[in-house]
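Here's the structure we're looking at; comments come further down.
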Amino acid sequence: MKKFVAFARVSSREQQREGFSLDVQEEALKRYAKQQGGEIVRFTKVAETASDETARRHFNETVDYAIKNAGVLDGILFYKVDRAIRNTHDLCKLEELEHRHGVLVEFTSQPFPHSPAGWMSVRNLANMATFQTQQQSVDVKEGVQRRVMMGLFPQKAPYGYENYRKEGRSLVRVHAEHGRTVRRIHELYAYHGCTLDEVGERLVREGFRFTRSKPRFTRSKIADILQDRSYIGEIFFRGEWWPGTRDHIVDAATWERIQTLRLK
């Protein structure tokens, strides 16, 4: 009976919806192995983003396993070229695996002959996959910068705010409960003469809580909140603070008073 190793990866929710989910890949790879009169002795499934280091580590571990066990393996299976190859380094590793170690590289939904012409086709598809990955990275960075220029958070909103979607857009608004808590923290420190520890105690007595699972605020969390310019409407991006367009939780005068008190 032939022996194979297999690798399946899904890089985004969009690809899952388009039919490249882990379940679809696993079923196809196992069916292929059975049709070839063999079995899969090692199956690696990775549900990570394409650029995630964890996904690349699992890919490298799978190839390294195939190299170490080349004497008893007949092939390494992937669903498609772009499920395996995301850069030139990946391509070189697979070519070396087949040509130097004798482990055939099979893309079950994109079969190619194991010949120079076949590998030329693989290289062409690999180049397309590499381009798509690099272009996606550029698009994401440009999208993040556009959000900042529009006065929106480029990432998950800080405590006190919440992300929500409206007409397909990701927007930010003040969280009804947490926003009130953040405002109270600033009031206690600015106008009630409370230290950081005293602010924490007052919050407990007044029924304010950090989260349901962690009701008590730590001293360090209170300190972070008091110096975060997000609460006066600004956005931190690439080492600088930028003007925002969302609702403020704390007015500028209160925030400036707190910074003066903290420096004393």
Side-chain angles (χ1 to χ4, degrees), residues 1-140:
M1 179 175 286
K2 293 182 179 180
K3 297 184 183 297
F4 300 99
V5 294
F7 181 89
R9 179 180 60 80
V10 62
S11 63
S12 68
R13 294 177 181 175
E14 288 71 27
Q15 286 171 320
Q16 290 185 34
R17 289 197 296 266
E18 292 169 9
F20 302 136
S21 71
L22 292 178
D23 291 339
V24 169
Q25 294 179 55
E26 182 176 6
E27 180 182 352
L29 295 175
K30 288 182 176 179
R31 183 171 61 249
Y32 179 87
K34 185 176 181 179
Q35 290 171 347
Q36 300 301 311
E39 63 176 353
I40 296 174
V41 297
R42 175 185 169 116
F43 203 123
T44 301
K45 296 184 289 185
V46 184
E48 303 284 349
T49 58
S51 60
D52 195 281
E53 289 299 322
T54 301
R56 300 274 44 90
R57 176 172 57 81
H58 284 301
F59 170 82
N60 291 328
E61 288 175 352
T62 301
V63 175
D64 291 342
Y65 175 88
I67 292 174
K68 292 177 182 178
N69 295 275
V72 297
L73 291 176
D74 294 278
I76 182 170
L77 309 181
F78 302 95
Y79 184 65
K80 293 177 61 182
V81 172
D82 64 4
R83 298 301 85 213
I85 302 171
R86 306 304 286 177
N87 53 56
T88 304
H89 180 69
D90 295 344
L91 174 63
C92 291
K93 290 198 73 168
L94 292 182
E95 287 200 63
E96 181 182 22
L97 179 62
E98 177 163 311
H99 297 149
R100 182 176 178 182
H101 300 283
V103 179
L104 297 182
V105 179
E106 304 282 3
F107 305 100
T108 61
S109 67
Q110 297 171 323
F112 298 103
H114 298 277
S115 65
W119 273 100
M120 181 178 68
S121 298
V122 173
R123 292 188 199 103
N124 288 336
L125 287 175
N127 286 334
M128 291 174 59
T130 300
F131 166 76
Q132 290 171 352
T133 299
Q134 294 173 344
Q135 186 61 49
Q136 184 180 44
S137 177
V138 171
D139 292 343
V140 169

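Looking at Tyr65 and Thr44, their side chains never come closer than 4.5 Å, going by heavy atoms from C-beta outward. When side chains are defined from C-beta on, Ile76 counts as touching Phe78, because their heavy atoms get closer than 4.5 Å. With contacts defined as side-chain heavy-atom distances shorter than 4.5 Å, the pair Ile40/Tyr32 does not qualify. Taking 4.5 Å as the limit, every side-chain heavy atom of Asp82 sits out of range of all side-chain heavy atoms of Leu125. Val81 is listed as a side-chain neighbour of Phe112, based on a closest heavy-atom distance under 4.5 Å. Side-chain contact between Leu77 and Phe43 is absent, with no heavy-atom pair separated by less than 4.5 Å. Within the 4.5 Å cutoff, the side chain of Leu104 has no heavy atoms near those of the Phe4 side chain. Contact annotation: the side chain of Glu106 approaches that of His114 to within less than 4.5 Å [non-hydrogen atoms, C-beta and beyond].
The number of heavy-atom neighbours closer than 6.0 Å to NZ of Lys93, taken from other residues, nucleotides and ligands shown, is above 12.
Shortest non-hydrogen contact noted between His101 and Ala70 is O-CB, 3.6 Å. Taking all atoms of both residues into account, the shortest heavy-atom contact from Leu22 to Val46 is CD2-O, 3.8 Å. Minimum heavy-atom separation, Ala66 to Val103: O-CG2, 3.9 Å. The shortest non-hydrogen separation linking Arg9 to Arg83 is O-NH1, 2.8 Å.
Salt-bridge annotation for Glu39 and Lys3: present, with a side-chain N of the basic residue lying under 4.0 Å from a carboxylate O of the acidic one.
Side-chain N or O atoms of Thr108 include none that pairs as donor or acceptor with a backbone N or O of Leu29 at under 3.5 Å.
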